[in-house]
Amino acid sequence: GGRDGLGAYIAKPESYPSSVVVYHNDDFVAIHDMFPKSSLHLLLLPRDQSKTRLHPFEAFEDAEFLAKVKAEAQRLRKLAAGELRRKYGKDSAQEQARRAALNADPAPDELPPGRDWDREIMCGVHAVPSMNHLHIHVIAVDRYSERLKHRKHYNSFSTPFFVPLNDFPLAADDKRRQPTAEGYLKRDFVCWRCGEPFGNRFAELKKHLGEEFKEWKRL
Ligand code: 5GP
Ligand code: ZN
């Protein structure tokens with residue numbers, strides 16, 4: 001429990017049901033975040049003992065390790081995008097009906113392109129993580145969850161406090177390295193989708209996020 005709570009998944013991934021551990025291999029464990037801040041929120045946990053206790057900024061200074069993490073995060077992003085497509089995709093429902101009518105799977109290149117759900121997933125780390133074991137958030141952009149209850153929950157995914165994996169390696173003078181990065185959590189709210197400002201009105205923001213979610217998933 002506590003700040004070391006993610007260690008158990010790395011140590012014994014096989015002891016969890018698939019509703020908790022999405023997959024595991026020698027180098028990584030992918031899990032569902034226990035307090036999801038979006039409709040789909042996964043964590044990628046590297047198992048490398050020499051890295052798992054490091055701050056992400058330090059761990060990702062190893063170029064070889066960073067490349068490995070980026071490749072695995074890409075794999076998990078694809079998986080997450082597939083999950084969004086199954087949950088929300090219009091194209092896939094139509095396709096399923098068509099396949100059922102044909103009683104056969106069409107070749108992949110016959111499928112209509114549909115929506116690019118990869119683009120609806122963010123991969124990155126928090127400038128100041130709260131959990132000790134190295135973890136990468138793989139999270140749908142919607143920020144729609146009953147677990148999103150506090151200002152910092154929203155802003156930790158909606159300000160520079162969230163550092164996309166693709167921004168690494170970070171420059172030595174990158175502002176997000178500074179202890180003042182925690183100040184990002186206190187910023188006024190801005191809707192992630194339409195840019196509308198909400199000041200410090202969290203309840204209004206939450207209501208608006210619900211409306212945006214409906215449109216986003218149906219787009
Ligand atoms: P951080 O702010 O450290 O980048 O994010 C840590 C994440 O771990 C949070 O999103 C939090 O909800 C999640 N979390 C905290 N404790 C547990 C736990 O015991 N199990 C799982 N699966 N997720 C956790
Ligand atoms: Zn909006």
Side-chain angles (χ1 to χ4, degrees), residues 1-7 9 30-46 51-61 66 69-70 73 76-77 80 84 119-213 216:
R3 289 181 182 268
D4 281 333
L6 300 180
Y9 303 104
I31 64 173
H32 285 276
D33 195 293
M34 196 181 273
F35 312 101
K37 310 305 188 300
S38 270
S39 69
L40 183 63
H41 187 177
L42 307 175
L43 300 174
L44 181 64
L45 312 173
K51 306 288 189 222
T52 188
R53 289 279 177 177
L54 297 182
H55 188 285
F57 295 180
E58 199 182 340
F60 295 159
E61 255 148 46
L66 175 61
V69 169
K70 281 183 174 177
L76 186 55
R77 179 202 291 267
L84 292 184
R119 292 175 53 186
E120 312 295 341
I121 312 271
M122 312 190 294
C123 299
V125 298
H126 284 151
V128 187
S130 61
M131 297 299 273
N132 287 334
H133 293 84
L134 182 60
H135 54 280
I136 298 91
H137 296 269
V138 176
I139 181 169
V141 293
D142 56 84
R143 289 114 162 138
Y144 182 73
S145 167
E146 60 179 25
R147 291 291 191 173
L148 197 148
K149 290 176 177 169
H150 303 292
R151 166 187 296 267
K152 64 173 183 184
H153 290 161
Y154 182 77
N155 277 347
S156 72
F157 291 100
S158 312
T159 68
F161 192 85
F162 184 81
V163 186
L165 201 50
N166 282 334
D167 287 7
F168 290 94
L170 288 188
D173 63 349
D174 193 292
K175 279 201 171 69
R176 294 167 292 185
R177 288 182 182 276
Q178 295 169 17
T180 50
E182 269 182 300
Y184 294 131
L185 297 176
K186 293 177 190 140
R187 279 192 176 177
D188 282 357
F189 301 125
V190 176
C191 173
W192 66 273
R193 191 153 183 261
C194 72
E196 188 176 338
F198 283 87
N200 63 358
R201 303 184 307 279
F202 190 65
E204 262 182 65
L205 171 73
K206 283 283 290 182
K207 183 167 175 282
H208 182 76
L209 290 176
E211 289 155 7
E212 289 287 26
F213 176 64
W216 169 80

Worksheet entry | Enclosure of Tyr144 OH (heavy-atom neighbours >12, cutoff 6.0 Å) | no

Practice prompt. Count the heavy atoms of every other residue, nucleotide or ligand shown that sit under 6.0 Å from NZ of Lys152, and state whether that count exceeds 12.
Written response: no

Fill in: Between Phe157 and His137, ring centroids under 6.0 Å
yes

Donor-acceptor contact present, side-chain [X] to main-chain [Y], <3.5 Å:
{"X": "Asp33", "Y": "His41", "value": "no"}
{"X": "His55", "Y": "Val128", "value": "no"}
{"X": "Arg53", "Y": "Lys51", "value": "no"}
{"X": "Arg3", "Y": "Ser130", "value": "yes"}
{"X": "Arg177", "Y": "Ala171", "value": "yes"}
{"X": "Ser145", "Y": "Pro36", "value": "yes"}
{"X": "Asn155", "Y": "Arg187", "value": "yes"}
{"X": "Arg77", "Y": "Ile121", "value": "yes"}

Worksheet entry | Phe202 side chain near Leu148 side chain, heavy-atom distance below 4.5 Å | yes

Worksheet item: Does some side-chain heavy atom of His133 sit less than 4.5 Å from a side-chain heavy atom of Leu45?
Response: no

Parallel under 30°, tilted from 30 to 60°, perpendicular over 60°: which one fits the rings of [X] and [Y]?
{"X": "Phe189", "Y": "Tyr154", "value": "perpendicular"}
{"X": "Phe198", "Y": "His208", "value": "tilted"}
{"X": "Phe60", "Y": "Phe168", "value": "perpendicular"}

Practice prompt. Taking only Lys NZ, Arg NE, NH1 and NH2, and the carboxylate oxygens of Asp or Glu, determine whether Arg201 and Glu196 approach each other closer than 4.0 Å.
Written response: no

Discussion item. Using a strict threshold of under 4.0 Å (side-chain N to carboxylate O), is an ion pair present between Arg176 and Asp167?
Written reply: yes

Worksheet item: Can you check side chain to side chain contact (heavy atoms under 4.5 Å, CB included) on Asn200 and Arg151, steps first, answer last?
Response: CA-CA 8 Å; Asn200 63 358; Arg151 166 187 296 267; 2.8 Å; yes

Discussion item. Side chain to side chain contact (heavy atoms under 4.5 Å, CB included), that's the test. Do Tyr9 and Leu43 meet it? Break it down for me.
Written reply: CA-CA 11 Å; Tyr9 303 104; Leu43 300 174; over 6 Å; no

